[in-house]
Structures are given as structure tokens and as C-alpha cells.
Amino acid sequence: MFTYDGTVQNDIALILAARTYSSMTTDQKLMVDNGWTSGTVDGGAVRMALDKITPRATFYTMDSNLGIPDKWRTWVIFQAAAAIVHQFDRADKDSVYSQLSDHRRTALMEYTRSNPESTTESAHLAGTLLSLRQFVDSNSLRLPRPLLPEPLMIDQAMQEVLHHTWNFANWSFRKQTMVLTIGTDGSVSAAALGGGSLIIKKITSEAVYFTGSSDNGAMMLPADAELMLQLTAQDIADGRPEFFRLLADQAGADDGVRWQLDRTPDQEYTARCEAMTAIGPMTTPAEMDSVLEIGRA
């Protein structure tokens, strides 16, 4: 972490007045750092530089306790010098502004090639997707006019892009083996065999296959509306369902499907099927990571 000390103080003084800090006048010292000797810098050009750079460091590391990285030391020096160089008798003031631009660019380029140093990034929704977060962070910082979006905005944008890309076409990776739990109330919950926050959009296998040890490879076949109406009218006794029909969930396109069974299950059943999937709500880093891993495969 960057620490303001006598070495940095002298570096600024040499840029501005070609002399050490101790050789500057009282007024010049006040302009530089309010006459700092120890502790926190409470004024002057250095304070302005720290106030300008610290939010960028906090944005990138996601940890306000880390402060400014030491690799940004030269950026701090020239940021402070550029703020008051017009008050000093230097013929090449433009050179200071130019060097500030170069050092700022270099500092951002070098630092953002490494992972964020924060130990608290796992507290963020996308904490385990550091490569994506780092890409957004580093490019936002390197813009001519840096953007500092809130972490939540980055997370939401990544989720929107992931949803859009997943549902854009019938990609082969969207076909997944889904594990079904059929409750005694006729409810059906589904989870991807390989993990991930996925929901069923369409059954692509010929049937749903029961996996319980006592079911002997029994199947549940799809039925159209007319057959399901006939079966429902027969008021069949409770038992293992033999037919099913999927109805679009009226709550929205990304809320999965609603199951209609030909009879009420007499016990809880487990089954599997192949399905075309969509992405469901992602509320944890692990869910986002698992969905991203499926897409990469």
C-alpha cells in the first residue's frame, strides 16, 4: 500500500522547484502538502491527489482498507505536481501534464494485469467470476474519463448478458440431464445433474425415466391436451404417474414450466429426463460459476 513519506515529498519538490522539500519556502510547502511532517496529509496538492486517486483504487480492489497500491506511487507524485505546477517558475509546465498522463496510463495498465488484491471480494455476488469482473474494472479505469460503476451494476450486467447469450439460440450445451423430484401433491422440482441454476423449457427426451430402485425403469410419457383431459376425467386412483403434460408458466418466459400429471402420486418419486434449459435466478457466486462453466464446455 502506498504511504506518503519524505521520499515522495522530495520527489514532488524536485519536479516543481528543482530543490528538496526542506529548501522550499513556507508558502510552497503549504501548497504541496500543507507543511506535512507526519501522520495524515490534511491539505495541499497531495491531499487533492490522494482524494482523486483513492476512489479509483477502492473501486478496483473492492476494499477500502487497502488504500492506493504502491505501484501507483509515481501517479500520485505527478498528480500532485500537476495540480500546482502553474504556481512555480517552470518553463516546461506542459511536460508535467504530459508525464502525468503517461504515468497514470502506465500505472493502470500494470496494476490491472494482476488480480484484485482484496480479501473480501467473495462477499460480492460475482466474487468467484474475478476474470470477468477484472476485465470490466480495468477497462473502466483506463478510459480517458474513467468510469466507476458500482459492483452491483457489473454483476447485473453480467447476468443479463449470460441470460441473453444462453437463450439466444438452441445451443447444444442448453440440453442438460435434469433430475426431477415428484412430490405427493403433484409438484415437480428440477435440478441440473451437473449443477447450475437451470430450469426446464422443453423436454427433449422421448420420456421421463423413473430412477427409484423399485420403479424398474418405468417411464412417464408425454400426452397432448385431449389425452390428458380424458385421463383426468377418469379420476384414476393415486399411484405412479404414467403421463405428463407441460404447460408454459404464465409468470414469465424465464420461470420454467408447469407440470400436469395424469394422477396424483402416491409417494415421492425421482426421475430423469433430457431437456432444453434456460437460466433461472442466480443468487450465489457458485450458481453463476456453474452456468458459465457449462457454457464454456
Side-chain angles (χ1 to χ4, degrees), residues 1-121 130 133-149 151:
M1 183 174 69
F2 169 79
T3 302
Y4 187 68
D5 55 23
T7 300
V8 177
Q9 195 178 51
N10 279 327
D11 286 341
I12 297 173
L14 289 170
I15 293 172
L16 293 172
R19 63 172 68 99
T20 62
Y21 182 84
S22 61
S23 300
M24 296 180 106
T25 66
T26 299
D27 288 342
Q28 289 174 336
K29 292 178 180 179
L30 291 174
M31 285 191 291
V32 171
D33 55 16
N34 203 34
W36 176 88
T37 55
S38 64
T40 302
V41 181
D42 59 5
V46 172
R47 183 69 264 165
M48 289 189 290
L50 295 176
D51 289 344
K52 187 178 185 66
I53 298 174
T54 297
R56 287 153 174 76
T58 300
F59 164 75
Y60 186 71
T61 62
M62 296 175 283
D63 190 340
S64 59
N65 295 321
L66 288 178
I68 297 173
D70 195 57
K71 293 181 181 179
W72 290 8
R73 171 183 294 262
T74 310
W75 179 10
V76 175
I77 291 171
F78 276 88
Q79 187 73 51
I84 55 175
V85 68
H86 60 282
Q87 300 285 347
F88 289 79
D89 186 19
R90 280 199 55 153
D92 56 346
K93 295 180 177 62
D94 289 342
S95 173
V96 176
Y97 301 134
S98 177
Q99 290 184 73
L100 166 61
S101 179
D102 290 341
H103 287 297
R104 178 175 57 233
R105 186 183 308 110
T106 300
L108 291 173
M109 287 290 288
E110 290 181 352
Y111 183 66
T112 55
R113 287 190 184 123
S114 304
N115 281 334
E117 298 173 3
S118 174
T119 59
T120 63
E121 72 272 355
L130 284 181
R133 173 70 74 78
Q134 181 186 355
F135 179 82
V136 175
D137 282 354
S138 59
N139 282 276
S140 296
L141 282 171
R142 289 199 295 262
L143 291 172
R145 298 183 64 181
L147 296 176
L148 306 179

K.L.:
For residues 80-105, pull every pair meeting ring pair (Phe, Tyr, Trp, His ring centres under 6.0 Å), keeping only residues two or more places apart or in separate chains.
P.N.:
Phe78-His103

K.L.:
Considering only residues two or more places apart or on different chains, which pairs with a residue in residues 36-52 satisfy salt bridge (Lys or Arg N to Asp or Glu O under 4.0 Å)?
P.N.:
Arg47-Asp51

K.L.:
Who pairs with Ser23 by side-chain hydrogen bond (donor to acceptor under 3.5 Å, both in side chains), at least two apart in sequence or on another chain?
P.N.:
Thr20

K.L.:
Go through the structure and list residues passing side-chain hydrogen bond (donor to acceptor under 3.5 Å, both in side chains) with Ser98, not counting sequence neighbours.
P.N.:
none

K.L.:
Considering residues at least two apart in sequence or located in another chain, which fulfil the side chain to side chain contact (heavy atoms under 4.5 Å, CB included) criterion with Asp70?
P.N.:
Phe2, Arg73

K.L.:
Just verifying a value: how many Å separate Leu30 CG and Met24 CE, rounded to the nearest 0.5 Å?
P.N.:
10.5 Å

K.L.:
Determine the minimum heavy-atom distance between Gln9 and Asp33, stating which atoms define it.
P.N.:
NE2-OD2, 2.8 Å

K.L.:
Could you give the distance from OG1 (Thr74) to CD (Gln79), rounded to the nearest 0.5 Å?
P.N.:
12.5 Å

K.L.:
Once salt bridge (charged side-chain N to carboxylate O under 4.0 Å, His left out) is applied, do any residues pair with Arg90, and if so which ones, sequence neighbours excluded?
P.N.:
Asp92

K.L.:
Any non-hydrogen side-chain atom of Val8 less than 4.5 Å from a side-chain atom of Ile77?
P.N.:
yes

K.L.:
Return the set of residues passing side chain to side chain contact (heavy atoms under 4.5 Å, CB included) with Asp89 (not counting sequence neighbours), or none when no residue passes.
P.N.:
none

K.L.:
So how far is it from Arg56 CZ to Ser140 OG, rounded to the nearest 0.5 Å?
P.N.:
11.5 Å

K.L.:
I'd like to check the side chain to side chain contact (heavy atoms under 4.5 Å, CB included) partners of Ala45; sequence neighbours left out, ordered by chain and number.
P.N.:
Met48, Ala80, Ala83, Ile84

K.L.:
If I take atom CD1 from residue Ile53 and atom CH2 from residue Trp72, how far apart are they, to the nearest 0.5 angstrom?
P.N.:
8.0 Å

K.L.:
Which value, rounded to the nearest 0.5 Å, describes the distance between Asn10 atom CG and Ile15 atom CD1?
P.N.:
11.0 Å

K.L.:
Applying side chain to side chain contact (heavy atoms under 4.5 Å, CB included), can you list everything that pairs with Thr25, at least two apart in sequence or on another chain?
P.N.:
Asp27, Gln28

K.L.:
Suppose the criterion is ring pair (Phe, Tyr, Trp, His ring centres under 6.0 Å): which pairs have a residue in residues 25-56, not counting sequence neighbours?
P.N.:
Tyr4-Trp36

